[in-house]
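I have placed the structure first, in the form of structure tokens, so that the comments after it can refer back to it.
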Number of protein chains: 2
Amino acid sequence: MNWQSITFDWNQARAFLVTAEEGSLSAAARALGLTQPTLSRQVAALEEALGVTLFERVNKSLMLTEAGVELAEHVRSMGEAASRVSLAASGQSQQIEGLVTISTTDVMAAYLLPDILKDLRRKAPGIEVRVISTNSLSDLRRREADIAIRHVAPDHPELYARKLRDANGRIFAARSYLEQFGRTLTKHDAPDLDFLGYEDNEQLIGYLRALGLDVTQANIKISSPNLLVAWEYVRLGFGLGVGADEIAARCPEIVPAFEDVPSLSFPIWLVTHRELHTSLRIRTVFDHLAEGLLAVKSQAKT
Amino acid sequence: MNWQSITFDWNQARAFLVTAEEGSLSAAARALGLTQPTLSRQVAALEEALGVTLFERVNKSLMLTEAGVELAEHVRSMGEAASRVSLAASGQSQQIEGLVTISTTDVMAAYLLPDILKDLRRKAPGIEVRVISTNSLSDLRRREADIAIRHVAPDHPELYARKLRDANGRIFAARSYLEQFGRTLTKHDAPDLDFLGYEDNEQLIGYLRALGLDVTQANIKISSPNLLVAWEYVRLGFGLGVGADEIAARCPEIVPAFEDVPSLSFPIWLVTHRELHTSLRIRTVFDHLAEGLLAVKSQAKT
DNA sequence: TAGGTGATATACAAATTTGCATGAACTGGC
DNA sequence: GCCAGTTCATGCAAATTTGTATATCACCTA
């Protein structure tokens, strides 16, 4: 092998990659945790070393040159390989310490995780946990998280998934909200009720109608894509909201709204990257989460 | 994109790659033009950063661990991408200066190239030329050379090739060698003659027999895989040797050995990497070589 | 058994790279 | 038109990385 051809500074290549992707030296510096002057010099040095002008400096901003576009393509594949290096390294690491990022819904993060994480801290004090609560399916494959709690089965072969159990959800309301009716609600009351909306209210209405509730967009007066906020509004008596039984069980002031509306079932999946699952650190958290999330069920039953 | 996962030091990854491939820190240091302590520290730092033991240090030597083998795989693909970066960069570079490596046979390098390169130095003084004369087909794809002069058509789609012309070769001898016979040789003399051997004498004998010469291994008393050395022996009268007409034309003491043996024709191809051919520097040399090697023909005719 | 070769690790000084501070120039909102 | 917010480039001091020199160990040969 001719190693001479790869003796350019690989960190400068990384600087170029991130600058090209982020669009500016400053943004790249922020992304990499370096400073803008450093990136500026690294990119300039790479141009010098390769004998190619990568960016057109026009008006204090950067534009990729034609050559830059072509080179960015190849540097990107370096970056993808680097990403795999990092992934494999995390998987190979057998230390029970370091950062583990968990992705889940904000409601889960707020209500179910705290107890589980408290135990984890005792069991594995070297592990630092970072919870990113996002409703969108954060992509494990892009390493935005190490472990995700999902309610749909992942289909990508790179991912390792374990279905923990099915959980039940239903429509809840605060006692204070129900008091104004002075009686138990039935599905015939639906057109006159207030429902809390989430991100996609069309979809929500579809679900509700499937349950036999005659509701329209007009029944949704307040929405929040932040489920935690919406759930707080339910708790405060602004209206009815869909939630999981085991979450509601932790809120004494919230009770099932209807007697005659069936509960719906949804699965709880624990997902990680296949390569990461060999990591002792990741596996420790994975197994602990699995155990903890299964235990919640029995708690909810009592 | 999550850039956090690629913030390990890429140069350390390169250090690991070359160390793993070369088998030792010292060899890697030589290959990269760095020192052994530097490599030692870079590899150790990478192990620290990734939290993975890459090498087992046993008896002052290194053995890849299982994790190291797995990671080496991914780092290798980083290296391959880096190689493509370098290749593309060379291709994009529009400077008429820098190093160009030419691969050809030693005989070509010694007899045909000097004049051509002399002109090139005048035409493009900024270009530094390095001639690696090897008989084996040095792999352009591995960047061991930028331009190669070949006698077979390359078949790889990554390569750009131009067939310059056909050249003639035949069997030559020094006048001093022929004098001992006092007459013109014919193919019937073959069993009693001395032939110079090259690398693969079986193959050479096959060629000679195909020309109607009844020779065996016993006719080859002296061989050298270095064609230049063998040709020098022909010149000094040690025996007969196969050579190109245009080379022989430059050696007054060498003349065709037989009257009744036909000449054989072989093509001259100029080959470079497809991506490199867009480089002004490479192209300058490529075109100059093409022009020069075509001009040799008319010279030989006169 | 002695000596030569070749491997890795470490102390220390030199060289390089980095971050901070700053200046200049452009963009967009008011 | 002006001002706040961003951008990139550069001087300078601090931090990091590198190379040199050296110690140690293993292996092979005479």
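Within every chain, numbering begins at 1; the chains are lettered A, B, ... in the order of the sequence lines, protein sequences first and strands thereafter. The shown structure was predicted, so the numbers you read here are calculated from the model rather than taken from an experiment.
Looking at residues two or more places apart in sequence or on another chain, you find no salt bridge (Lys or Arg N to Asp or Glu O under 4.0 Å) involving A:R274. With sequence neighbours excluded, the residues that form a salt bridge (Lys or Arg N to Asp or Glu O under 4.0 Å) with A:K221 are A:D194. Remark: A:F195 pairs with no residue by the ring-ring contact (aromatic ring centres under 6.0 Å, His included) rule, at least two apart or across chains. In terms of the salt bridge (Lys or Arg N to Asp or Glu O under 4.0 Å) criterion, A:E56 has no residue partners (sequence neighbours excluded). For B:E158, the salt bridge (Lys or Arg N to Asp or Glu O under 4.0 Å) criterion is met by no residue, not counting sequence neighbours. Residues passing the side-chain contact (heavy atoms from CB on, under 4.5 Å) test with B:Q4, sequence neighbours excluded: B:N2, B:T7.
Contact check of residues 9-31 of chain B against DNA chain C (heavy atom, cut-off under 4.0 Å) returns B:S24, B:L25, B:S26, B:R30. Looking at residues 32-46 of chain B, you'll see B:L34, B:T35, B:P37, B:T38, B:R41, B:Q42 sit with a heavy atom under 4.0 Å from some atom of DNA chain D.
Side chains of A:S223 and A:N201: a donor-acceptor N/O pair is present below 3.5 angstrom, by distance only. Counted by atom type alone, A:S77 and B:R84 present one or more donor-acceptor pairs between their side chains at under 3.5 Å. In this structure, a donor-acceptor pair under 3.5 Å is absent between the side chains of B:Q12 and A:W10. Inspection of the A:T38 and A:T35 side chains reveals an N or O donor paired with an N or O acceptor under 3.5 Å.
Annotation: the terminal axes of the helix from C:dT1-D:dA30 to C:dC30-D:dG1 meet at 30°, where each axis is the rotation carrying the C1' atoms of four end pairs onto the next four (5 pairs per end, rounded to 10°).
The side chain to side chain donor-acceptor pair (under 3.5 Å) pairs that include a residue from residues 276-288 of chain B are B:K123-B:H288, where partners are two or more places apart or lie in different chains. Sorted by first then second residue, the salt bridge (Lys or Arg N to Asp or Glu O under 4.0 Å) pairs that include residues 24-36 of chain A, not counting sequence neighbours, number zero.
In 5' to 3' order, the nucleotides of DNA chain D bounding all contacts with chain B (an atom under 4.0 Å from a heavy atom) are D:dT18 to D:dC27.
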